[in-house]
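For reference, the structure discussed in these notes is given below.
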Amino acid sequence: MDKTFDFAKNEPLIYNKWLDGNAFRAEVNPDKKPYTVIMPPPNVTARLHIGHAFGLTVQDIIVRFKRMQGFEALFLPGADHAAVATDVKVREELKKRGIDPNKISDAEFLQHVEEWYKIYTEQIKEQMKRLGLSCDWSRFTFTKDPCAAKAVDTVFNNLYKKGLIYKGSRMVNFCPGCKSALSDAEVEYKTVERTMYHIKYDTITVATVRPETIPGDVAIAVNPKDKRYAKFVGTTVTNPLTGAKIPVIADDYVDMKFGTGALKITPAHDMADAEIGARHGLKPIILKTEDLTDEARLRAIEVLKKSGALVKEQKYTGNISVCYRCFRPVEPTISEQWFLKMRDLAKPAIEALNNGLAIVPKKYEKIYLHWLNNIKDWCISRQIKSGYKIPIKGETDTLDTWFSSALWPFCTLGWPDNTPDFKYFYPTQTLVTAYEIIFFWVIRMVFSGIEATGKLPFERVVFTGLVRDGQGRKMSKSLGNGIDPVKIIDEFGTDVLRFSLIVGTKLDRDPRYSMEKATLTRNFINKIWNATKFFENMQTPAVATPAPKATALRPADKWILTKFNNLIKSVTKKYEKFDFGVAAAELQHFFWADFCDWYIEESKQTNNPEVYHDVLSAFLKLISPIMPFVTENIWTEVLGNRTSLLSATFPIPNPKYNFPKEFKEFEQHIERIKTERNAKSEAENAVKKIEILKKEIARGEQVLANKGFVDHAPKELVAKERTKLEENRKLLKELGK
RNA sequence: GGAGAUUUAGCUCAGCUGGGAGAGCAUUCGCCUUACAAGCGACAGGUCGUAGGUUCGAUCCCUACAAUCUCCACCA
């Protein structure tokens, strides 16, 4: 064997061996139960980052585990065309090449988009392969593939026929950067400092941060309880920019304590104003976009200053709504868009939580429900070029990219056709995704799946956290604390990346990653490698000592077998609960502390290669979903197995290997040795030990003197305390000599 | 404003149905012991956020408070 595991050489060899053997291919197989995981398709706009690596590793662990449990496991890979994001990227790329994207024809532009798709889809596939994902590549799907297009068409038309999709002139958030309408979910909030202007409308002064919208004002609103303004309600005031007479109205919405307590109403350019305007039957005045710029604001201020209407300026810190893609402030505007009626679609999605949909971790259930219970109609039209055209004759708008993403779990399996794949693999079992896209994607998949197929798209959704750095900070370019997963693979190998990403994480918190984890994992893999070397030497005739027969199990054998049985139980339970972080930690601890530090040491004088072999190979199986390469290498190259670990069965505890008596004895044996070592390294140990014993005895006496404890506590516990006390007294006597 | 989560050793985190606080790393000390110095052995480190309550017994259950974080809503 080499000195260390040569991952650079072996990992690609092993992966290609799997590919050549069609090992990841899932077939329709009536003799087996299917287990389907559809991959959330990464955008074709970027390289895979550490967050992708984490999520994809979690999925691959699930699939490999289920495959070993005998399921027909399908991991279906794909990539997303990411309409808006790709649009931006392609424009940038064209400008770099000296082409003005606005001067070429639509057809030409779309051709460049197609090119982009091709190049970056291949790049993404390559990166996924480097992560060691056991995907069925024959089923790779791109969100612009014909099957997806057919699904989009079918779903849109069905919803349209049902009257759930409608076109209407309504208040929507418009992004001046993306030059498109957005859905509510696509709007984020950012805290910024702005200037608040106090402006006189005759007798009433209002405070506003957007004086450029004054020409759109149709009223001034005050709180009906506000005594200061009661006398003005019902009168009119003059718009300081247009000279128009506008009414003073009373509305509960107005906060008396905020600003001057008087609110200008601009129904065409503010969400709240639109509602107030509608309540009072006011007709909105729609302004042109060029009249809503920063320059327009400065012009308005100039005019107001000259006329004396501007009475005060003050700094104000508050939230502004921005586009989640380009982060530019969005402009609420009345415009004609396509909407999806949500009320009826949301109902079954809400009920799904009682009808077979599990959300893991559970804490996301409330977030899921809250959003669905407060859902508004979904603006599905976008004014950008790439993406799916709205399938109505003459429409130039495209669909929100999430409209097609929502169909992902079934369009990838052949729907709307009732294909054998669809019949067998749908509904899918587990969807793994980041909690950030619960609204964008997960909820929309649920209601779209129920609506289109009559079934839930998945039995459960598992949410993963956001990968942070060692100190818990977000990884970001400006902090320079980002870690490129491909770099870890280059330096340490895929096994190291996968295990180090997983170990110590919990699903309900954000995972943390640092280079330290990578080196620790490298050391662990080296440990596994060397323990295997020890086994090879054990078997070499020159070194071998007369080994006991398999039936003649030594105490150490019985101990490790019992310990390993317990490990299998515990690890399997954790895998089933998707608690891979703790499973990984337990596996590592068992191997290092129990198997290497104690069992190997006990095997240096006499040994039992059969037991060693059994435990080692079962351990390799147990950890292989997380660490597929080095385990496969040892499994085939060193242990001489002909078939891949992929097709091995996941270990189940062996009832024969349960020796509670010998187990306890060996644990005591370990304790004794530790005490001896301790005595050796610390001369004054005896004095110390006496102190501890005295304390222990005092504690035991106190506990047993407590009548409540003796009467109420379980009998075994009381008995245990009694014997412990006696033993300690005996020991103290011996040491006292 | 509404909701949720977290708080355990210097750091990062485990602790299943309440029954004497655990790991890894870091620190300190001693070791090249024939699988491994990417290693081995050992010591030291904790009023389990604060204050009450339930219980024979609370890190665990209940109440209040505090700090940190996240999501949602958003007031001109």
Side-chain angles (χ1 to χ4, degrees), chain A residues 1 3-4 184-185 187 189 196-197 206-210 213 221 253-255 257-266 270-273 276 316 318-321 361-367 369-371 374 435-436 438-439 465-466 470-472 492 503-506 508-510 512 514 516-517 519-538 543 570 573-574 577 579 581-582 585-586 588-589 592-593 596-597 600-601 603-604 673-674 677-682 685 688 696 699-700 703 706-714 716-718 720-721 724:
Chain A
M1 283 175 79
K3 192 157 188 278
T4 56
D184 295 341
V187 178
Y189 295 92
M196 176 93 85
Y197 301 93
V206 293
T208 179
V209 290
R210 301 199 59 193
T213 64
Y253 174 84
V254 182
D255 183 349
K257 287 176 206 138
F258 193 92
T260 63
L263 174 64
K264 68 187 210 58
I265 304 299
T266 321
D270 184 282
M271 291 289 177
D273 290 8
I276 296 170
Y316 167 72
N319 285 342
I320 54 162
S321 40
K362 246 185 149 51
K363 68 172 178 179
Y364 292 107
E365 280 184 4
K366 274 205 172 183
I367 297 175
L369 283 176
H370 182 260
W371 202 73
N374 293 286
Y435 64 67
E436 300 161 279
I438 181 167
F439 307 132
L466 181 79
Q471 283 125 56
F492 297 102
V503 70
T505 61
K506 288 223 114 191
D508 54 2
R509 354 172 129 212
D510 286 344
R512 296 188 177 196
S514 61
E516 197 194 14
K517 273 194 164 180
T519 42
L520 289 173
T521 302
R522 179 201 56 180
N523 297 355
F524 175 44
I525 290 175
N526 192 233
K527 194 77 181 173
I528 297 174
W529 190 253
N530 279 301
T532 309
K533 263 204 252 181
F534 180 82
F535 175 67
E536 270 211 324
N537 296 343
M538 197 192 260
V543 186
S570 168
K573 210 163 123 191
K574 306 259 156 50
K577 281 165 56 188
D579 198 357
V582 177
E586 282 180 7
Q588 182 170 7
H589 188 262
W592 206 310
C596 291
D597 290 349
I600 288 187
E601 290 308 318
S603 299
K604 282 182 175 169
I673 291 182
K674 278 188 176 172
R677 284 174 183 162
N678 184 357
K680 229 187 238 174
S681 63
E682 302 236 345
N685 180 45
K688 253 192 168 168
E696 287 287 294
R699 195 195 68 85
V703 169
N706 182 346
K707 230 186 159 190
F709 175 77
V710 178
D711 292 348
H712 294 273
E716 311 93 69
L717 196 71
V718 180
K720 208 174 121 195
E721 284 295 342
K724 213 179 272 176

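Lettering of chains follows the sequences in order, A, B, ..., and the numbering in each one begins at 1.
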Review point. Got A:Asp184 and A:Trp371 here, is their nearest side-chain heavy-atom distance under 4.5 Å?
Key: no
Point to revise | Within 6.0 Å of NZ in A:Lys720, more than 12 heavy atoms from elsewhere | key: no
Review point. Going from CZ on A:Phe258 to CE on A:Met196, what distance comes out if it is rounded to the nearest 0.5 angstrom?
Key: 4.0 Å
**Study point:** Nearest-0.5 Å distance, CG of residue A:Asp273 to OG1 of residue A:Thr213
**Key:** 8.0 Å
Point to revise | Distance below 4.0 Å between A:Tyr435 side-chain N/O and B:C71 OP1 or OP2 | key: no
Check your understanding: What is the glycosidic conformation of B:G53: syn, defined as within 90° of 0, or anti?
Key -> anti
Review point. If you look at every strand shown and take non-hydrogen atoms under 4.0 Å, does A:Val703 touch a base, only sugar-phosphate, or nothing?
Key: nothing
Check your understanding: Is there a side-chain contact between A:Asp510 and A:Tyr435 (heavy atoms, below 4.5 Å)?
Key -> yes
**Study point:** Residue A:Asp255, side-chain atoms from C-beta onward, closest of B:A76, B:C74, B:C43
**Key:** B:A76
Check your understanding: Base, sugar-phosphate alone, or nothing: which one does A:Tyr316 contact when heavy atoms must sit under 4.0 Å apart?
Key -> sugar-phosphate
Check your understanding: Under a 4.5 Å cut-off applied to non-hydrogen side-chain atoms, are A:Leu263 and A:Tyr253 in contact?
Key -> yes
Check your understanding: How many Å lie between CZ on A:Arg210 and C1' on B:A76, as a whole number?
Key -> 11 Å
Check your understanding: How far does the C1' atom of B:G19 sit from the matching atom of B:A58, given to the nearest Å?
Key -> 10 Å
Check your understanding: Taking the side chain as C-beta and beyond, is there a heavy-atom pair between A:Asn526 and A:Arg522 under 4.5 Å?
Key -> no
Study note, to complete from the structure: Between OH of A:Tyr189 and C1' of B:C74 the distance, given in whole Å, is 6 Å
Review point. B:A21 and B:U47: how far apart are their P atoms, nearest whole angstrom?
Key: 13 Å
**Study point:** Atom P, compared across B:U12 and B:G20: separation rounded to whole Å
**Key:** 28 Å
Check your understanding: Are side-chain heavy atoms of A:Ile528 and A:Phe524 found at a separation under 4.5 Å?
Key -> yes
Practice item. Treating a pair as Watson-Crick (purine N1 to pyrimidine N3 plus N6-O4 or O6-N4) or G-U wobble (N1-O2 and O6-N3) with both distances under 3.5 Å, list the stems of 3 or more consecutive pairs that involve RNA chain B. Key: B:1-7 with B:66-72, B:10-13 with B:22-25, B:28-31 with B:39-42, B:49-53 with B:61-65
Would you tabulate the nitrogen or oxygen pairs shorter than 3.5 Å linking the protein to nucleotides 1-4 of chain B?
unit_1, atom_1, unit_2, atom_2, d
B:G4, OP1, A:Lys366, NZ, 2.9

Review point. Using atom C1' of each nucleotide, how far apart are B:U50 and B:U68 to the nearest Å?
Key: 15 Å
Practice item. Report yes if some heavy atom in the side chain of A:Leu369 is under 4.5 Å from a heavy atom in the side chain of A:Lys366; otherwise report no. Key: no
Check your understanding: Which part of the nucleic acid, if any, lies within contact of A:Lys257, taking any heavy atom under 4.0 Å across all strands shown: a base, the sugar-phosphate backbone alone, or nothing?
Key -> nothing
Practice item. Using atom CZ of A:Phe439 as one end and atom C1' of B:A73 as the other, report the distance to the nearest whole Å. Key: 11 Å
Revision key, fill the gap. Contacts of A:Val187 and A:Val209 projected onto RNA chain B by closest heavy atom; the upstream (5') one is A:Val187
**Study point:** Value in whole Å for how far the C1' atom of B:A76 lies from CG of A:Asn319
**Key:** 13 Å
Review point. Along nucleotides 35-40 of chain B, 5' to 3', which nucleotides get a B, which get an S, and which get a -, given that the test is a protein heavy-atom distance under 4.0 Å?
Key: BB-BSS
Practice item. Write down the distance separating the P atoms in B:G49 and B:U55, rounded off to the nearest Å. Key: 23 Å
**Study point:** Spacing of A:Lys707 atom NZ relative to B:C56 atom C1', expressed in whole Å
**Key:** 12 Å
**Study point:** Atom P, compared across B:G45 and B:A23: separation rounded to whole Å
**Key:** 14 Å
Practice item. Examine the side chains of A:Lys517 and A:Thr521 and answer whether a donor and an acceptor come within less than 3.5 Å of each other. Key: no
Review point. Mind checking what makes side chain to side chain donor-acceptor pair (under 3.5 Å) contact with A:Arg210, not counting sequence neighbours?
Key: A:Glu212, A:Glu331
Practice item. Encode nucleotides 12-29 of chain B as B, S and - characters from 5' to 3', where the letter depends on protein heavy atoms closer than 4.0 Å: B to the base, S only to sugar-phosphate, - to neither. Key: SSSS---BB----S----
Review point. Any side-chain heavy-atom pair from A:Ile367 and A:Phe439 closer than 4.5 angstrom?
Key: yes
Point to revise | Spacing of the P atoms in B:G39 and B:G24 (rounded, Å) | key: 13 Å
Check your understanding: Do A:Asp597 and A:Glu601 come within less than 4.5 Å of each other through their side chains, counting heavy atoms only?
Key -> no
Check your understanding: Between atom NZ of A:Lys574 and atom CD of A:Glu586, what is the distance when rounded to the nearest 0.5 Å?
Key -> 4.0 Å
Check your understanding: Separation of A:Phe258 atom CZ from B:C74 atom P, in whole Å?
Key -> 15 Å
Exercise for review: Provide the distance between the two C1' atoms, one in B:C71 and one in B:C13, to the nearest whole Å.
Suggested key: 24 Å
Study note, to complete from the structure: Sorted by chain and number, sequence neighbours left out, side chain to side chain donor-acceptor pair (under 3.5 Å) with A:Thr266 holds for A:Asp217, A:Lys264
